[in-house]
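Below: one structure, written as structure tokens.
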Amino acid sequence: MTYTIETHVQYSSYMMTTTGEYMTQEDDWDRDLLLDPAWEKQQRKTFTAWCNSHLRKAGTQIENIEEDFRNGLKLMLLLEVISGERLPKPDKGKMRFHKIANVNKALDFISSKGVKLISIGAEEIVDGNVKMTLGMIWTIILRFAIQDISVEETSAKEGLLLWCQRKTAPYRNVNVQNFHISWKDGLALCALIHRHRPDLIDYSKLRKDDPVGNLNTAFEVAEKYLDIPKMLDADDIVNTPKPDEKAIMTYVSCFYHAFAGAEQAETAANRICKVLAVNQENEKLMEEYEKLASELLEWIRRTIPWLENRVAEQTMHAMQQKLEDFRDYRRVHKPPKVQEKCQLEINFNTLQTKLRLSNRPAFMPSEGKMVSDIANAWKGLEQVEKGYEEWLLTEIRRLERLDHLAEKFKQKSTLHESWTTGKEELLSQKDYESASLMEIRALMRKHEAFESDLAAHQDRVEQIAAIAQELNELDYYDAATINARCQGICDQWDNLGTLTQKRRESLERVEKLWETIDQLYLEFAKRAAPFNNWMDGAMEDLQDMFIVHSIEEIQSLITAHDQFKATIPEADKERMAIMGIHNEILKIAQTYGIKVVGENPYTVLSPQDISNKWEAVKQLVPMRDQMLQEEVARQQSNERLRRQFAAQANIIGPWIQIKMEEISHVSIDIVGSLEEQMSNLKTYEQNIINYKSNIDTLEGDHQLSQESLIFDNKHTNYTMEHVRVGWEQLLTTIARTINEVENQILTRDAKGISQEQLNEFRASFNHFDRKRNGMMDPDDFRACLISMGYDLGEVEFARIMTLVDPNNTGVVTFQAFIDFMTRETAETDTAEQVTASFKILASDKAYITVEELRRELPPEQAEYCISRMTKYNVGDAPPGALDYISFSSALYGESDL
């Protein structure tokens with residue numbers, strides 16, 4: 001950067017040019033004018049102190065700034081100290097040209113540092129020109145003390161000012177905006193010291209009204225503890241309207257350089273801490289990765305042998321426990337490991353990213369703990385896991401099949417063994433030797449049945465053997481027990497076959513001895529059984545409960561009973577034939593001396609059973625006759641009640657319908673005045689009320705029908721519920737119609753509508769009431785308004801619909817139509833009219849007083865207004881003034897009270 005100093009103008013104001021050169025700013029003063037004496041004094045003292053702060057490092061100092069630099073020796077020494085470089089060897093002579101040569105060497109060195117000096121020559125310095133000497137020293141200060149100051153891309157003066165502003169921003173009563181008056185009270189200097197060394201100054205005890213004390217405190221502390229010499233005088237600064245900017249900048253720059261080293265050390269420490277923190281965090285992530293990877297791999301290493309164990313359990317319960325353990329593994333143990341694996345990969349990627357961003361080498365995990373190693377181990381785990389699950393399911397299916405077969409074997413074996421219990425003893429009996437014919441025949445039949453049963457059990461025995469064979473093939477753990485039991489069943493089965501054949505041969509030898517009696521027993525059983533079933537059915541029918549609701553139904557039951565009675569003679573013949581068979585058996589036994597012992601082997605029915613049941617049937621027939629005749633009488637009574645109710649209902653129902661239609665015509669047809677319509681409707685209403693006794697009579701008949709449990713009536717289509725609903729609708733309709741006419745009368749009287757207008761409104765409404773239900777659809781209402789001369793747009797029609805159908809029912813009633821038409825045709829009060837009336841009472845004021853209201857209005861209306869009007873607080877209105885304008889608007893719903 002190049003500095004340019006023009007010595008022929010005042011150098012008190014410097015600017016940076018667009019080329020980076022410092023140039024002096026021209027002013028209106030004459031170039032030969034001297035410096036302000038106060039400024040010159042301050043610069044002399046400050047620049048001298050600044051020079052001495054560096055010259056003392058070389059063991060010397062200056063007393064008079066314009067005299068001590070005239071020979072150039074101390075000037076060259078000063079430049080060597082502040083630059084750290086060696087200058088050319090000075091001339092030792094004391095002649096003028098020696099001095100000029102030394103000063104030129106100093107000026108050449110300054111120029112070599114990029115400072116462009118204009119109109120400053122060695123002769124002026126040698127001659128002791130104060131103005132030029134101070135300008136030269138300021139140039140040196142700028143170049144070597146201020147130029148290198150840089151804060152956020154600003155440098156030199158601007159950078160130093162920004163640094164001061166940043167450091168003093170938190171302090172009260174400090175606002176650094178420049179390098180002159182902002183420093184007069186001394187607080188800014190004290191703030192700079194306190195910001196960096198709070199132990200040196202108690203800032204809270206400083207006062208803004210003691211600038212000299214503040215400045216001296218800063219000077220003394222800086223000189224004693226910060227090695228900054230006292231370059232300024234407190235009284236000079238305070239008593240000068242605008243202290244010298246260069247003197248202040250020079251002194252403040254010493255603070256910047258004094259504290260810059262500490263800040264650089266702090267920055268360096270922060271940088272080191274940041275680097276160490278990054279390294280520590282990375283090392284922590286590496287350790288966590290190693291730990292997680294080791295734990296996850298160890299878990300996989302422990303889990304795989306467990307999953308590879310394919311030793312099957314012997315019981316279904318044990319295998320199901322293995323399956324439950326596997327499910328716990330899948331639901332409880334594995335999911336956290338899946339999360340750990342995912343987190344491990346995330347941590348690895350995050351760590352590598354952080355290492356790359358911080359210019360660190362990539363992380364290389366321990367051998368066998370790479371992400372790929374973990375992925376391969378995990379893949380192996382899942383492969384083993386899949387095979388383990390398939391093996392478990394296969395083994396469970398196998399054990400399930402074995403348990404099923406074993407349970408099936410036990411069940412069938414138990415059933416078979418239960419069936420064979422006692423069969424060998426039974427087949428070994430010789431009971432037929434002392435048995436009668438019937439017993440022999442029965443034994444033969446039983447034996448045949450046993451043979452059939454035995455043949456049927458052959459399949460079961462074969463199934464038992466087949467199941468045992470399959471259990472052996474499937475390696476059932478308790479096959480020995482199964483085989484032993486199966487062998488026992490087979491051996492027993494062979495013995496039963498042998499005993500069965502021997503018993504058949506013995507029974508066949510004695511069977512023919514008793515064939516005749518046996519045949520008779522069989523004939524009795526064959527005929528007694530169906531006859532007994534017939535009697536059971538007859539007794540059931542005769543005692544059967546019945547529910548009928550009409551004479552036709554009871555008559556049908558009587559006809560069926562008569563048909564049953566007609567079959568009794570034929571049934572009695574069959575009974576006599578069955579009893580004849582029994583008598584024949586007794587006769588043969590008596591004739592041939594055969595001892596008949598026991599009951600008929602073919603039936604449990606005895607002749608006595610047949611006789612007893614026949615007597616019961618004969619007793620039930622007249623009882624059934626009596627029950628049917630009683631029910632006939634009850635149904636005849638119910639029929640009379642039906643006809644009685646129907647006769648009344650068939651009159652009342654049509655009467656209600658006719659009255660409804662008449663009322664509808666009265667409300668629709670335009671006949672006479674509203675008072676005449678009201679009179680007619682009152683007459684209708686009285687006639688309807690007088691008819692209530694008929695409804696009460698019908699209610700009585702209905703109650704009798706319900707008590708008799710009569711629920712239908714073919715003689716009428718009217719139910720009591722229909723009549724009640726119709727009666728209630730009739731009462732509601734007449735009341736509503738009377739109310740509508742009353743409202744029309746009120747509307748006519750209140751709005752001044754003539755009877756002819758009302759009739760015209762009614763005629764228009766009836767014409768467009770196409771459904772004749774006392775209501776118009778929106779389309780019919782629009783057509784009605786158009787026919788009456790309204791020019792309607794969509795917006796206007798929508799507004800009108802909100803007036804006539806506020807509940808959005810989709811229809812317009814006649815009353816709503818009348819209300820709308822009266823609003824359209826009648827003259828009504830408005831909010832503006834009421835406001836104008838209040839304005840008259842208030843004598844044209846924008847407000848009204850309580851006294852005016854009580855004077856002009858009746859007491860009740862006055863108090864009503866006073867309690868509801870809000871206060872009027874505009875302008876110079878007197879206390880108690882009320883706002884009648886908003887009150888008038890609120891009366892018509894245009895605002896809130």
Test log, rule side-chain contact (heavy atoms from CB on, under 4.5 Å), inputs Lys502 and Leu427: CA-CA 8 Å; Lys502 288 181 180 181; Leu427 292 172; over 6 Å; no
Dump the intermediate steps for side chain to side chain donor-acceptor pair (under 3.5 Å) on Gln629 and Asp625, then the final yes or no. CA-CA 6 Å; Gln629 290 304 318; Asp625 288 335; over 6 Å; no
Determine, step by step, whether Arg504 and Met444 satisfy the side-chain contact (heavy atoms from CB on, under 4.5 Å) criterion, reporting the C-alpha distance in whole Å, the side-chain angles of both residues, the deciding distance to 0.1 Å, and the verdict. CA-CA 8 Å; Arg504 164 172 274 283; Met444 190 62 189; 3.4 Å; yes
For a salt bridge (Lys or Arg N to Asp or Glu O under 4.0 Å) check, start with the C-alpha distance between Lys386 and Glu382, then their side-chain angles and the critical distance, and finish with the verdict. CA-CA 6 Å; Lys386 181 179 180 182; Glu382 291 188 333; over 6 Å; no
Verdict with reasoning, Thr414 to Arg485, per side-chain contact (heavy atoms from CB on, under 4.5 Å): CA-CA 10 Å; Thr414 301; Arg485 190 173 184 182; 3.3 Å; yes
Evaluate salt bridge (Lys or Arg N to Asp or Glu O under 4.0 Å) for Arg643 paired with Glu639, printing each intermediate quantity in order. CA-CA 6 Å; Arg643 293 181 181 276; Glu639 184 65 16; 3.4 Å; yes
For Asp544 and Arg624, run salt bridge (Lys or Arg N to Asp or Glu O under 4.0 Å): C-alpha distance rounded to whole Å, both residues' side-chain angles, the deciding distance at 0.1 Å, then the answer. CA-CA 9 Å; Asp544 184 32; Arg624 184 72 171 181; 5.1 Å; no
In sequence, state the C-alpha distance, the side-chain angles, and the governing distance for Glu721 and Arg724, and then conclude on salt bridge (Lys or Arg N to Asp or Glu O under 4.0 Å). CA-CA 5 Å; Glu721 184 62 26; Arg724 290 193 193 106; 3.3 Å; yes
Report the C-alpha separation of Asn612 and Gln608 in whole Å, then their side-chain angles, then the decisive distance to 0.1 Å, and conclude whether the side chain to side chain donor-acceptor pair (under 3.5 Å) test is met. CA-CA 6 Å; Asn612 293 340; Gln608 189 62 43; 2.9 Å; yes
Just do the side-chain contact (heavy atoms from CB on, under 4.5 Å) check on Tyr718 and Ile656 with the steps written out, would you? CA-CA 12 Å; Tyr718 295 99; Ile656 291 175; over 6 Å; no
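No side-chain heavy atom of Phe564 sits less than 4.5 Å from a side-chain heavy atom of Asp541. Between Ile652 and Trp727 there is no side-chain heavy-atom pair separated by less than 4.5 Å. Residues Asn600 and Leu605 are not in side-chain contact: their nearest non-hydrogen atoms beyond the backbone lie 4.5 Å or more apart. By the 4.5 Å heavy-atom criterion applied to side chains, His702 and Thr719 are not counted as neighbours. No side-chain heavy atom of Asn483 sits under 4.5 Å from any side-chain heavy atom of Gln487. Arg642 is not listed as a side-chain neighbour of Thr716, based on a closest heavy-atom distance of 4.5 Å or more. Contact annotation: the side chain of Ser705 never approaches that of Gln644 to less than 4.5 Å [non-hydrogen atoms, C-beta and beyond]. Using a 4.5 Å heavy-atom cutoff, the side chains of Met579 and Met576 are not in contact.
Side-chain atoms of Asn495 and Glu424 form a donor-acceptor pair, as typed in the model, at a separation below 3.5 Å. Using a 3.5 Å distance cut-off with no hydrogens or angles, the side chains of Ser606 and Asp609 do pair a donor with an acceptor. Of the N and O atoms on the side chains of Glu295 and Trp299, not one donor lies less than 3.5 Å from an acceptor on the other residue.
Residue Glu298 qualifies as enclosed at atom CD: its count of foreign heavy atoms under 6.0 Å is above 12. For NZ of Lys565, the number of neighbouring non-hydrogen atoms (other residues, nucleotides, ligands) closer than 6.0 Å is greater than 12. No more than 12 heavy atoms of other residues, nucleotides or ligands shown are found within 6.0 angstrom of CD on Gln703. For Glu615, the CD atom counts as densely surrounded, since its 6.0 Å shell holds more than 12 non-hydrogen atoms of other residues, nucleotides or ligands. The environment of Glu707 atom CD is dense: over 12 non-hydrogen atoms of other residues, nucleotides or ligands sit within 6.0 angstrom.
For Ala468 against Ile482, the heavy-atom pair with the smallest separation is CB-CG2, 3.8 Å. Annotation for Ile610 and Ala528: closest pair CD1-O, 4.3 Å, computed over non-hydrogen atoms. The shortest non-hydrogen separation linking Ala646 to His715 is CB-CB, 3.5 Å. Heavy atoms only, all atoms of each residue included: Ser413 and Ile489 are closest at OG-CD1, 3.6 Å. Residue Gly368 comes nearest to Leu297 through the heavy atom pair O-CD1, 3.3 Å, listed as atom of the first residue, atom of the second, then distance. Residues Ile300 and Ala377 approach most closely at CG2-O, 3.7 Å, considering heavy atoms.
Taking CD from Glu574 and CG from Asp572, the interatomic distance works out to 10.5 Å, rounded to the nearest 0.5 Å. A distance of 13.5 Å separates CG in Asn532 from CZ in Arg575, rounded to the nearest 0.5 Å. Rounding to the nearest 0.5 angstrom, the gap separating the CD atom in Glu699 from the CG atom in Leu704 is 11.5 Å. Distance check: Gln463 CD to Ile467 CD1 gives 6.5 Å after rounding to the nearest 0.5 Å. Between the CZ atom of Arg527 and the CD atom of Glu523 there is a distance of 6.0 Å, given to the nearest 0.5 Å. In this structure, the separation between CG on Leu557 and CG on Asp562 is 11.0 Å, given to the nearest 0.5 Å.
Although no hydrogens or angles enter the test, the distance criterion places a donor-acceptor pair under 3.5 Å between the side chain of Arg503 and the main chain of Gln429. Counting only distance, with no hydrogens or angles, the side chain of Gln543 and the backbone of Met539 share a donor-acceptor pair below 3.5 Å. Remark: side-chain polar atoms of Thr500 are paired, donor with acceptor, to backbone N or O of Leu496 under 3.5 angstrom. Judged by distance alone, with hydrogens and angles left aside, the side-chain atoms of Tyr289 form a donor-acceptor pair with the main-chain N or O of Lys369 at under 3.5 Å.
A distance of 6.0 Å or more separates the ring centres of Tyr602 and Tyr521.
Taking a cutoff of 4.0 Å between a charged side-chain nitrogen and a carboxylate oxygen, Glu340 and Lys337 qualify as a salt bridge.
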Donor-acceptor pairs under 3.5 angstrom involving side-chain atoms of residues 453-461: please list them, not counting sequence neighbours.
from   : atom 1 : to     : atom 2 : distance (Å)
Asp453 : OD1    : His457 : ND1    : 3.0
Asp453 : OD2    : Trp419 : NE1    : 2.7
His457 : ND1    : Asp453 : O      : 2.8
His457 : NE2    : Arg460 : NH1    : 3.1
Gln458 : OE1    : Trp493 : NE1    : 2.6
Gln458 : NE2    : Glu462 : OE2    : 3.2

